[in-house]
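Values below: every heavy atom of this structure, side chains too, minus hydrogens, waters and symmetry copies.
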Amino acid sequence: MVQFFESIAHQFNRTFIVDNRYKYFLEGLKHTIIIALAATLMGIIIGIVIAVIKVLHKKTGKLKILNTIFETYTTIIRGTPVVLQLLISYNLIFLNSSNAVLIGIIAFGINSGAYVSEIIRAGIMAVDGGQTEAGRSLGLSQIQTMRLIVLPQAFKNVLPALGNEFIALLKETSVIGYLGVMDLTKAAESVISRTANVYFPYLSIAIIYLIMVHGLSILFNKLERRFAQSDRG
């Protein structure tokens, strides 16, 4: 048992302490969080716009061109791997840019937007139609009714799904290393190249991801319970 703990301490020292290798993991964690947060925000904005356009088109028959464009967008994005979209963005679309973090945010944000749009659209469709009629009877326009009455209720309905989308996106950012960005996976590989020890670096980032995902799950569960309590109140 003593030898086991001595081995763990030795591996910890080689992975994190020697040559300040912990800085690789800190930088990787920073990039992972920044990309996930920014891409999620971008995805929510894109998702809201697309969901509203699709719902309005279904109800009014208008906005046909925009609806067709967005249908094509969601089909393409949901039908191709995110890593392929990332590589196309870096090597073709933003070929003249060297800011791989920004390109990653845009690529992941566009990918997330396609999924979020369907989540939010389902949330909007789940809101009782009487809510829209009530808003219209108060003199609100279609857009005002959507913004002030329907969307807030839709967000409550889809909060668990949005939470799952953010958690999935957080894990998907592990492929950003293809662009040379120092994320957690890239940090582990950098340390492995210096120590020739595969197990401890990979195990370390697995634990970091697990802690982040578990923490986010707790946070979203608390938010969900708080919304449920406010509805009962």
Residue set satisfying salt bridge (Lys or Arg N to Asp or Glu O under 4.0 Å) with Arg14, at least two apart, ordered chain then number -> none
Main-chain N/O of [Y] paired to [X] side chain as donor or acceptor, under 3.5 Å:
X: Glu172; Y: Phe108; value: no
X: Ser97; Y: Phe94; value: no
X: Glu165; Y: Val116; value: no
X: Tyr73; Y: Ile110; value: yes
X: Asn91; Y: Leu87; value: yes
X: Thr15; Y: Phe12; value: no
X: His57; Y: Asn67; value: no

Using 0.5 Å steps for rounding, measure from the [atom1] atom of [X] to the [atom2] atom of [Y].
X: Phe166; Y: Leu219; atom1: CZ; atom2: CG; answer: 9.0 Å
X: Asp183; Y: Thr32; atom1: CG; atom2: OG1; answer: 4.5 Å
X: Thr185; Y: Lys171; atom1: OG1; atom2: NZ; answer: 12.5 Å

Heavy-atom closest pair (Gly109 atom, Ile46 atom, distance to 0.1 Å) is O-CD1, 4.0 Å
- prompt: Are Arg194 and Tyr24 close enough that some pair of their side-chain heavy atoms sits under 4.5 Å apart?
  reply: yes
Do Ser174 and Tyr209 have side-chain heavy atoms sitting under 4.5 Å apart? yes
query: Should we count CG of Leu95 as having more than 12 external heavy atoms under 6.0 Å?
result: yes
message: Can you confirm whether Tyr202 is buried at OH, in the sense that more than 12 heavy atoms of other residues, nucleotides or ligands lie under 6.0 Å from that atom?
response: yes
Exercise for review: Applying side chain to side chain donor-acceptor pair (under 3.5 Å), run through Glu118 and Thr74 and close with a yes or a no.
Suggested key: CA-CA 9 Å; Glu118 292 302 304; Thr74 53; 4.9 Å; no
